[in-house]
*Asks:* 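Pasting a structure below so you can have a look.
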Amino acid sequence: MRLAVVGAGAVGRSVVDLADEYGHEVVAVADSSSAVVADGTGDRDPGVDADAVVARKAERGIVGDADPADALAADYDALVEATPTTLGDAEPGFSHVTTALERDRHAVLANKGPVAERFDDLRAAVADSEGEVRFEATVGGAIPAVSTVEDIEPSHVTAVRGVLNGTANFILTRMAAEGLDYEHVLAEAQDLGVAEADPAFDVDGTDAALKCVILANVLSFGAADDPADAREFTLDDAEVEGIRDVPGSALRLAAEDGQTVRLIGEATGELVRVAPRLVPENGTLAVSGTQNIVQIETSHAGRLNISGRGAGGPETASAVLGDVGRLE
């Protein structure tokens, strides 16, 4: 497939870098202020020079000399939306996706905003288009959470829960292992690049909550006989508690009982909640470091556990490109 990639952060750059390995061709790339669009040759574009795009972004902070709108207007089969997640109106990501759909093109999202905040609007745009929307990469990086729920069928999934933020999990793992307090481990995580300078999105539970909102929408709309009967979830519907107030003493006391603390997100077709929870120290939810895990409770197949890397450029790009493959 011919891809236009909007967003040139770690995920977007990794999609550009890896697309050829998956048998796809990148014909346009845009960041917030610039774009590069492949020169047309005959009826098809030969694709952009991936190495040159990645190198230019690293050296000059831009991907090309064209306008970002030129990438949206390029001759592509699928748009990869990899701009940063925004809340509320989910712009500009939502408009990027609808622009592709209006042209009867597909869209693949790594950006959580449109799926978490405007799911029903997104469904309406898809209904009026020949294009499809995929969003595996919005939940758990390389972990195939969304596609697994779809394969089982949402009506046969009673709940999805798990550890869905690597930064929070790293901090809680280190607090438990070393007997340290939150502020000390947060500073360490920031030094290592595991936590952002402003860690609020991760440690306050927002990131995990958005992922659970997306899963709740998949469950709600996927199980409804009539979409009009489905409940649409947004971040405002989630019960969210982060890890800032988890004291080191709580982890030490938990360890005495063979337990530990993890930031657990849960989604059903009726609720979304995220909060620190006690879990068995050697249980499946007690993944360590930046690992993520998704537990899927099913009506007929019991509990399924899928763990792996929940973030990172190449990891998330693999989910994006897997979605592109599903569109072929």
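For the numbers below, each heavy atom of this structure counts, side chains included, while hydrogens, waters and symmetry mates do not.
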*Asks:* Below 4.0 angstrom, N of the basic side chain to O of the carboxylate: do Arg134 and Glu150 qualify?
*Replies:*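 Looking at Glu150 together with Arg134, the answer is yes, because their closest N to O distance falls below 4.0 Å.
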*Asks:* Between Thr99 and His96, is any pair of side-chain heavy atoms under 4.5 Å apart?
*Replies:*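 Heavy-atom side-chain distance check fails, nothing below 4.5 Å.
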*Asks:* I want to check something: taking the side chain as every heavy atom from C-beta on, are Met1 and Tyr76 in contact at a cut-off of under 4.5 Å?
*Replies:*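 Met1 vs Tyr76: side chains apart.
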*Asks:* Any heavy-atom pair between the side chains of Val27 and Val48 that's under 4.5 Å?
*Replies:*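 No. Closest side-chain heavy atoms not under 4.5 Å.
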*Asks:* Do Val26 and Leu109 share a hydrophobic cluster, counting only Ile, Leu, Val, Met, Phe, Trp and Tyr and linking them when any side-chain heavy atoms are less than 4.5 Å apart?
*Replies:*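 Shared cluster, no.
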*Asks:* Just by modelled atom types, is the Gly141 backbone N or O under 3.5 Å from a matching donor or acceptor in the Glu315 side chain?
*Replies:*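 No; zero donor-acceptor contacts below 3.5 Å.
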*Asks:* Hydrogens and angles aside, do Arg262 and Asn169 bring a side-chain donor and acceptor to less than 3.5 Å of each other?
*Replies:*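 Arg262 vs Asn169: donor-acceptor pair found between side chains.
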*Asks:* Does any non-hydrogen side-chain atom of Leu263 lie less than 4.5 Å from one of Val274?
*Replies:*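 The answer is yes; the side chains approach within 4.5 Å.
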*Asks:* Between Arg123 and Asp128, is there a salt bridge with N-O shorter than 4.0 Å?
*Replies:*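 No.
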*Asks:* Salt-bridge test for Arg174 and Glu188: reply yes if a basic N is under 4.0 Å from a carboxylate O, no otherwise.
*Replies:*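 Between Glu188 and Arg174 there is a salt bridge, with a charged N closer than 4.0 Å to a carboxylate O.
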*Asks:* Not counting sequence neighbours, list each pair that qualifies as a ring-ring contact (aromatic ring centres under 6.0 Å, His included) and has a residue in residues 130-181.
*Replies:*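 Residue pairs passing ring-ring contact (aromatic ring centres under 6.0 Å, His included), neighbours aside: His156-His300.
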*Asks:* Between the side chains of Glu132 and His106, is a donor N or O closer than 3.5 angstrom to an acceptor N or O?
*Replies:*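 Result is no, nothing qualifies.
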*Asks:* Report the C-alpha separation of Glu91 and Arg118 in whole Å, then their side-chain angles, then the decisive distance to 0.1 Å, and conclude whether the salt bridge (Lys or Arg N to Asp or Glu O under 4.0 Å) test is met.
*Replies:* CA-CA 10 Å; Glu91 294 292 2; Arg118 300 184 66 176; 3.6 Å; yes
*Asks:* What I want to check is whether the side chains of Asp31 and Ser34 have a donor and an acceptor closer together than 3.5 Å.
*Replies:*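 There is such a pair between these side chains.
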*Asks:* Got Leu251 and Gln259 here, is their nearest side-chain heavy-atom distance under 4.5 Å?
*Replies:*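 No, every pair of side-chain atoms sits at 4.5 Å or beyond.
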*Asks:* Rounded to the nearest 0.5 Å, how far apart are CZ of Phe94 and CD of Glu117?
*Replies:*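 Separation between the atoms: 12.0 Å.
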*Asks:* Examine Val320 and Leu3 and state if one hydrophobic cluster contains both, with Ile, Leu, Val, Met, Phe, Trp and Tyr joined whenever side-chain heavy atoms are less than 4.5 Å apart.
*Replies:*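 Per the 4.5 Å side-chain linkage, Val320 and Leu3 are co-clustered.
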*Asks:* Decide, yes or no, whether a salt bridge links Arg244 with Asp204 under the criterion of side-chain N to carboxylate O below 4.0 Å.
*Replies:*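 So Arg244 pairs with Asp204 through a salt bridge.
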*Asks:* Do the side chains of Val29 and Val108 join up, straight or via other hydrophobic residues, at under 4.5 Å, putting them in one cluster?
*Replies:*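 Yes, because Val29 and Val108 connect within a single hydrophobic cluster, where side-chain heavy atoms sit under 4.5 Å apart.
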*Asks:* Do Phe233 and Ser220 have side chains that get closer than 4.5 Å, going by heavy atoms?
*Replies:*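 Counting from C-beta outward, Phe233 and Ser220 do come under 4.5 Å.
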*Asks:* Any carboxylate oxygen within less than 4.0 angstrom of a Lys/Arg side-chain nitrogen, looking at Asp207 and Lys211?
*Replies:*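 Counted as a salt bridge, because a side-chain N and a carboxylate O are separated by less than 4.0 Å.
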*Asks:* Would you call Glu266 and Arg273 a salt bridge, taking side-chain N to carboxylate O under 4.0 Å as the test?
*Replies:*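 Salt bridge flag = yes for Arg273 with Glu266.
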*Asks:* Pairing donors with acceptors under 3.5 angstrom, does anything connect the side chains of Thr158 and Glu297?
*Replies:*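 Note: Thr158 and Glu297 side chains miss the donor-acceptor criterion.
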*Asks:* Is any side-chain heavy atom of Val279 less than 4.5 Å from a side-chain heavy atom of Val261?
*Replies:*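 No, side chains not in contact.
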